[in-house]
Structure formats: structure tokens, C-alpha cells
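All ligand and atom numbering here is 1-based and tracks the order in the structure. Note that this is a predicted model, so its numbers are computed, not measured. Along the sequence shown, residues are numbered consecutively beginning with 1.
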Amino acid sequence: MAFLQRSLFSASRNATIVRSRFQTKSLPLVLHSSYSRLASTMVPKLKDPSLFKQDICYVNGEWVKAQSGKTFEVNDPATGKLIGTCPEFDAQDTKKAIDAAEVAFETFRHKTGRERSKLLRKWYDLMVENHDDLTTLITWENGKPLADAKGEVTYAANFFEWFSEEAPRIYGDTIPSSVPGNRVWTIKEPIGVCGLITPWNFPAAMITRKVGPALAVGCTVVCKAPGETPFTALALAELAHRAGIPAGVVNVITALENTPEVGSTLTTDPVVRKISFTGSTPVGKLLMKQCSGTLKKLSLELGGNAPFIVFDDADVDLAVTGAIASKFRSSGQTCVCANRIYVQRGIYDEFAQKFAEQVKNNFRVGNGFEEGVTHGPLIHHRAIDKVEQHVRDAEKKGAKVVVGGHKLEKLGPNFYEPTVITGMTRDMAMASEETFGPVAGLFPFDTEDEVVKLANSTQVGLAGYFFSRDIQRCVRVAEHLEVGMVGINTGLISDPASPFGGVKESGFGREGSLYGIGEYQVTKMVTSGGMGQSLQK
Ligand code: SIN
């Protein structure tokens, strides 16, 4: 990013004068390039500081505090330093947002598709205009490097663009009736007020992927932003306001400790007709139980444990590139990251060597704002603990750590070395649990049947990938994998135009694409009787 002071994080031990877009407590500031010194003094600066909303949430078109006055702290995962504070909303605060969304729905649902389209398009344009600031916020609170954050803002904005193009094209059907004289047609109606609960790993994209289709069809939303990354969500709310989205249509609320209370309010209030949640399978199950009392429509995008299969007949270099992209995107913290990498015995050594070389030579871990950094910190210490536990478990059971394998404590408490492990076996934790971190375990296999069984031997099924040049195998394996999404000869499958979602305990419902639209609609059938047959001559 142009605004970054290029030498800011350079490896040089020399002092550097900072004249960048980072605000510091006292300028001009002489910074030493040692990490801790930088970490303690630097605050990213936004081009438009009014996008940074502290202590307020967006409800009914206004910026409001929690009625209790309580706030929680949000810390930079790279430095551990305080970024700012956000309101700790409770059940009553949440209810106000639900009520606002209910009132707004009565008007918003009757806007034409073209009107809703224009609003979404305006919001998209504002995201593009404020691309740099949204990028900065994502890197700051999530830790992902600037290049990744930049990619996320584009990805996120594209959901608004895509759904703005769908909004005027919400069609029903005409159905030939089996009863003489009857006419049957359907109307696609917005389901109503939607509760959206989003995760920290994509602070912008997981919001726009839900809000985009909801608004496109005429729903109104209460979006619970993640406690770890609320500032991006609040900046998006500010842009919604500037885009002229009517009051109450989009409400963005925050909570950390009160998250269960807010979740339970959203899932039990009869006004809320739909819940869309992205997060872990246990929380998804809990929300589903809570929704049962009022029978809400649900979309659950839950945990994955993606198999990534490389067959002997694959283009090995392409497979290595795909595996790097899939495994290490956002430092392994996406639901669709490769979690179990199965490599057929004939090319195992070649693949392992090329893959390990790339991880060893091309990766640089550090603060996401630092030039040249490819991988940032994990989100918090619990994530580090799980990664460490998976690596030590594999090692103890006989696997070999060939790259990395340790915490990077000199960078901060949330950093872990990108890690490659060979000789993985089925009894290791990584074979059955999602690591959600930068660790690639390579499992050898012999036959197609064996690997498909292994790939499917899990309770979840979100994404699955494989590399092969045999067209018949490609069709066969794609059909046999028990997942909601398959990548053939690619490690990247996410696209606003494609239906994203899982099977089994990875949840149900689809996001993005035309299928994503249907999640926010109800199909009303109309039968009109006594219409006669056809014109009699
Ligand atoms: C996720 O991790 O839940 C989303 C990943 C993506 O959209 O690519």
C-alpha cells in the first residue's frame, strides 16, 4: 500500500524516521526497527478517521451506546495493544435493533428491486472509494497482511455489486395447474427481519455476503459483529448510512461477553424470521436449538475439515501452488482451508519437497502492516494453543516436522511458524479435527477408493479439493466427495457468483449466487380458480 512507510518494519537495525499514514503518540518519532518498540508506539491512521466508530453501534440509522454504558476492549492481534472499545450490547439493546428492523421492513419490502439495487450499488461504490481505510481496519483488528486485507475488501464489495445486479430480477414462476380452470403462480417475498451473526476471520466479507442478498430481496437486518473485529463492521455501517440505506434497514450491533445473550435474543424473538450464522459447528447447533421455539429459517455455514487430494497424475507444480493457496490463506484461518492434505505415494516425496521449499523460502511472518509480510498473527492465544497441540500431537505419534513447528514468541504471543509436517497418520488429531492455523500435514495414500473413503470419514463436509489430469477421475471424485464445494485443480473456490456452503455438520444453506438469494425469501403460491380453459372459438 502506497501509504505504508516502506522502511517501517525493515529488518535493518537502524533507526527510521516515520512520516507515514501511521499516527504516533509524538511526532516526529524516531522508531527503532525492533518489533516491540514499533508495536508499542504505532497506530494506523485512516484517510477518513470518521470511519472509526468507538463506543457506538448503528441502530435505526443512529449511532447509539449500550444502555448500560458498558464497553469491551478490542486488541490488535499482532501487538496485543488496544485498538479501541465497543458497546457491550445486551438483550434490551438488541431488542431495540430488532424493533427498528421490524418497522423498517414494512416500507423497505415494498421498494422496487431497482430502488434496492441502487442502494446496494451505492454502498458498493463507497466500499471501493474507501478501500484503503477498510483494508487498514481489517489488518489492524484481524491481523491479516495488507495484501490479503485488500483482497478481502474487494471480495466483500463484490457481494454488494453482485446482489445489486440481482435485486431487480427477483422472478416468480407460473405453474401449469393439474386442476382445470386453475391458474398457479408464485411470488418470491422477503422473509422479514434477519439476524446475521458473523465471524472474525473475514471482518467485511462475511457481513456483505449475508447483508447483500437480504437487502436485494427486501429484508432488513440486525447484524451482530464479532467481538474480535467489530470496527470493520461499524465502518461498513457508516458507509451504509452514507449510501442512503433507510433507517432501520441495516443495524450493526456489538458485544463480547454478552454474545450469548445477544445470540439468544436474536434466535428467540418471534419478529426475527431468519438467522444466518457463520462460525463453529457447536455454536451452530446451539443456535439451531434456540431457533426451534419460533421455527426460524436458518443458514448455517459451519466448520470444515477440507480434504486436499493430490493424485499421481496431477500437475505437481500446480498442485503445490493450489495447496499453498488453500492451506495458508489467512494463515489457515478460513473454513475452506485445506486441513488434510492427501498425496498419492508415487509423487509424495516430490510434492512434499516442493511444497516445503515454498513455505520455507517464500513466506514471511510478521505484523500485517509490514512490507513483504505474507502471513500475520493468528487471532488470539486460543488459536495458537490449538495449533501447537496439533503439531506436538503429530510429532509425538511419529510425524516429522520439516518446516516450522514452533511459536514465534519474539514477534508476539499470537504468531506461529508456517509449518509443514510429513508422515501423517490417521490417529493424529489433524486427521479428524480442524486446525484453523498455518499447519500443513501431508498424509500418504495409495488408491482412489482409499482416499475418497478417508476424505469422507468425517462428520463435516464443507470444501474438498483434488488435483488430477484424468478427466474421468475428475468427474468421479467430484461426485463422490461428501462436501458442499469441490475445487478441481484449484485451491481457491470463493466467488460471489458461486454457491458457498456445506453438507453434514458443516451446515446448510448457500451464500453467494442465486442460491444465496433464495435463503432470504419465502415462496408464496397463489392459486386462482374458475379461470376457464382457453378461449372458446
Ligand atoms: C469462511 O472461512 O467462512 C469463508 C471463506 C471464504 O469465503 O472463502
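Among all heavy-atom pairs drawn from I493 and T490, the shortest one is CG2-CG2, 4.4 Å.
Taking the ring axis of Y520 as reference, the NZ or CZ atom of K274 stays within 45° of it and closer than 6.0 Å to the ring centre.
Side-chain polar atoms of E141 and T229 form no donor-acceptor pair below 3.5 angstrom.
With sequence neighbours excluded, no residue forms a salt bridge (Lys or Arg N to Asp or Glu O under 4.0 Å) with D495.
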Output, or 'none' if empty, a list of ligand 1-protein atom pairs in which both atoms are N or O and the distance is under 3.5 Å, rounded to 0.1 Å.
from     : atom 1 : to   : atom 2 : distance (Å)
ligand 1 : 2 (O)  : N201 : ND2    : 3.0
ligand 1 : 2 (O)  : C335 : N      : 2.7
ligand 1 : 3 (O)  : E301 : OE1    : 2.9
ligand 1 : 7 (O)  : Y155 : OH     : 2.7
ligand 1 : 7 (O)  : R209 : NH1    : 2.9
ligand 1 : 8 (O)  : R329 : NH1    : 2.8
ligand 1 : 8 (O)  : R329 : NH2    : 2.9
ligand 1 : 8 (O)  : S494 : OG     : 2.4

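Sparse packing is recorded around NE2 of H480, with 12 or fewer heavy atoms of other residues, nucleotides or ligands lying under 6.0 Å away.
Using bins of under 30°, 30° to 60° and over 60° for the plane-to-plane angle, the ring pair Y342/F443 lands in the tilted bin.
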